[in-house]
Undergrad: 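Handing you this structure, nothing more for now.
Because only heavy atoms are used, hydrogens play no part in the values below, and waters and symmetry mates are left out as well, while side chains stay in. Within every chain, numbering begins at 1; the chains are lettered A, B, ... in the order of the sequence lines, protein sequences first and strands thereafter.
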Amino acid sequence: MRTHYSSEVSPEMDGEEVIVCGWVHDLRNLGGLIFLKIRDREGEIQVTAPKRKVDPETFELISKLSIEDVVSVRGIVKREDQAPRGLEIIPLEVEVLNEVLGKLPLDPRGRVKAELDTRLDARVVDLRKRENQAIFKLRSIVLRRIREFLYSKGFIEVNTPKIIAAATEGGTALFPVKYFERNAFLSQSPQLYKQMLMGTGLDKVFEIAQFFRAEEHDTRRHVNEFTSIDIEMAFSKKEDVMLILEELLREVLSEVVKTEELKELGIDEKDLDVEFPLPRIHYEEAIEMLSEKGIEVEWGEDIPTKGLKELWKLVGTKAYFIVDWPMSAKPFYIMPKGELSESFDLMFYEIELASGGQRNHLYDSLVKAIRSKGLDPNDFSFYLDAFKWGMPPHSGWGLGLDRLMMALTGADNIREVILFPRDRNRVIP
RNA sequence: GCCCUGGUGGUGUAGCUCGGCCUAUCAUUCGGGACUGUCACUCCCGAGACUCGGGUUCAAAUCCCGACCAGGGCGCCA
């Protein structure tokens, strides 16, 4: 059907016959001359129909088109200095493949602004916008780069179950699902499973998958279904996996700054300029720095948003690690270090991009940690058993892809970087 | 869940403070028409809206109450 994308047609092809397909992006009817812009994934191309040179039926058809009708145009390429990109197509035949019924829910050319909620309701049309497509092309580039990177480091890609039994890691709420005659839940993270895999000898695994949290939070950086990139690595300590995370971030940033998509989004390279190696700020240092600024965080507590908004300024760089969190602020599976833990968070401005650490691989200590979080070790036997049968020391992390995309694109709402976001009030479309 | 702000044609808005010439503004869109170099084309004609439910009042888009929805903040968040 289609012989060329818009971008593949050049002035040098003067005289050649091509077929372009896409949406009617713009239509200017000057009476005896009609300009029609066709938009496809790669760009736009102008079709020019002079009344005297075009078959009357075709001319009539073009004049009746509406914005966003789907068409294919067979025509002759013409070099033309007055046209965008120095070329236009003189149509021989126009086929209307489908037409818009009724009014469009928003203007995909972006001339009339639309609110995010309106955009998400009509996401299909919203995603026709160049800059919105750029986000998801970039997301694809990022995913590919991350996969390539982790493969190059010897990681094996795995898939853990998303339907799980009751046992939770604590903290977050889970979505219940009916599972035949039993109750089950949607997985909040691959944590327990990727750790269990460390007992198998697969050694280095990663997973890129969606996870679910039933939190009733309603902020611009939270959704109830999110995509997580998780790794777990046997025979490693915290610093080993921090180095991998750091290198991954560096790879992603250097890949992304080269892209057309970034320009499309109007992001300046400087916005993504990060100095490596990243500073490692200890938790206790962090709360001390904040205390000097008058923001008091009680020892053992998580750092509130207000504090995180200040902290990166105090550290002096947008990307940094906070390490050695208190056990009280971390889940049971983290390796204790006295009252502290072998843990880290990767921060980007005030957003927590990733968190991880060395895991507790010692059965007795792990059972104790589960108890101290008020959980019942019996609920975790499927997990704990793996620690009885020869579990090597291991470390890992989880990186929020959606949050990474926010950081890269400068989106101020996480919903913008998710095709069809799921939040407290939205399950459709 | 709490606090703040808001809800007007398909979309984005003006009007709301101080109720009444609101028969509701403008743009875009859609329908009809004129126009041979547009690129936010131009011009003419037409279509299309006050979130819902109560209340106050002679009179409510405008004031009050409630619901629902949205945006932001906080909380919660492996």
Undergrad: How is A/Lys37 classified with respect to the nucleic acid when contacts are heavy atoms under 4.0 Å: base, sugar-phosphate, or nothing?
TA: base

Undergrad: Decide whether a cation-pi geometry holds between A/Lys373 and A/Phe332; the criteria are a distance under 6.0 Å from NZ or CZ to the six-membered ring centre and an angle within 45° of the ring axis.
TA: no

Undergrad: Parallel, tilted or perpendicular for A/Tyr283 and A/Trp325, by the 30°/60° rule?
TA: tilted

Undergrad: Please check if the number of heavy atoms outside A/Tyr179 that lie under 6.0 Å from its OH is greater than 12.
TA: no

Undergrad: Below 3.5 Å is the cut-off: list the nitrogen or oxygen pairs between protein and nucleotides 70-74 of chain B, distance only.
TA:
unit_1: B/rA70; atom_1: OP2; unit_2: A/Asn425; atom_2: ND2; d: 3.3
unit_1: B/rG72; atom_1: OP1; unit_2: A/Asn413; atom_2: ND2; d: 3.2
unit_1: B/rG73; atom_1: OP1; unit_2: A/Arg220; atom_2: NE; d: 2.5
unit_1: B/rG73; atom_1: OP1; unit_2: A/Arg220; atom_2: NH2; d: 2.9
unit_1: B/rG73; atom_1: OP2; unit_2: A/Arg220; atom_2: NE; d: 3.4
unit_1: B/rC74; atom_1: OP1; unit_2: A/Lys309; atom_2: NZ; d: 3.2

Undergrad: Which one, B/rU11, B/rC77, B/rC39, comes nearest to the side chain of A/Thr118?
TA: B/rU11

Undergrad: Would you please indicate if the ring centroids of A/Phe321 and A/Phe344 are separated by under 6.0 Å?
TA: yes

Undergrad: Side chain of A/Lys51, base of B/rU36: donor and acceptor closer than 3.5 Å?
TA: no

Undergrad: Using a heavy-atom distance cut-off of less than 4.0 Å, which residues of residues 80-93 of chain A contact RNA chain B?
TA: A/Glu80, A/Gln82, A/Ala83, A/Pro84, A/Glu88

Undergrad: Whether the side chain of A/Lys37 engages the backbone of A/Val47 through a donor-acceptor N/O pair (distance < 3.5 Å, no angle test) should be reported.
TA: no

Undergrad: So, does A/Ser355 get its side chain near the phosphate of B/rC77, meaning an N or O under 4.0 Å from OP1 or OP2?
TA: no

Undergrad: Could you list the donor-acceptor pairs under 3.5 angstrom formed by side chains in residues 12-22 of chain A, with sequence neighbours left out?
TA:
unit_1: A/Glu12; atom_1: OE1; unit_2: A/Ser10; atom_2: OG; d: 3.3
unit_1: A/Asp14; atom_1: OD1; unit_2: A/Arg79; atom_2: N; d: 2.5
unit_1: A/Glu17; atom_1: OE2; unit_2: A/Arg74; atom_2: NH1; d: 3.1

Undergrad: A/Phe59 near the nucleic acid: base, sugar-phosphate alone, or nothing, with a heavy-atom cut-off under 4.0 Å?
TA: nothing

Undergrad: Parallel under 30°, tilted from 30 to 60°, perpendicular over 60°: which one fits the rings of A/Phe380 and A/Phe382?
TA: parallel

Undergrad: Taking only side-chain nitrogens and oxygens of A/Arg109, does any of them come within less than 4.0 Å of OP1 or OP2 of B/rU29?
TA: yes

Undergrad: Roughly how many Å is it from CD in A/Glu350 to C1' in B/rG75, rounded to a whole number?
TA: 16 Å

Undergrad: How many angstroms lie between atom OG of A/Ser72 and atom CZ of A/Arg2, to the nearest 0.5 angstrom?
TA: 10.0 Å

Undergrad: By nearest nucleotide on RNA chain B, pick out whichever of A/Ser228 and A/Pro105 is the more 5' one.
TA: A/Pro105

Undergrad: Using only atom types and a distance under 3.5 Å, with no angle test, would you say the side chain of A/Glu285 pairs donor to acceptor with the backbone of A/His282?
TA: yes

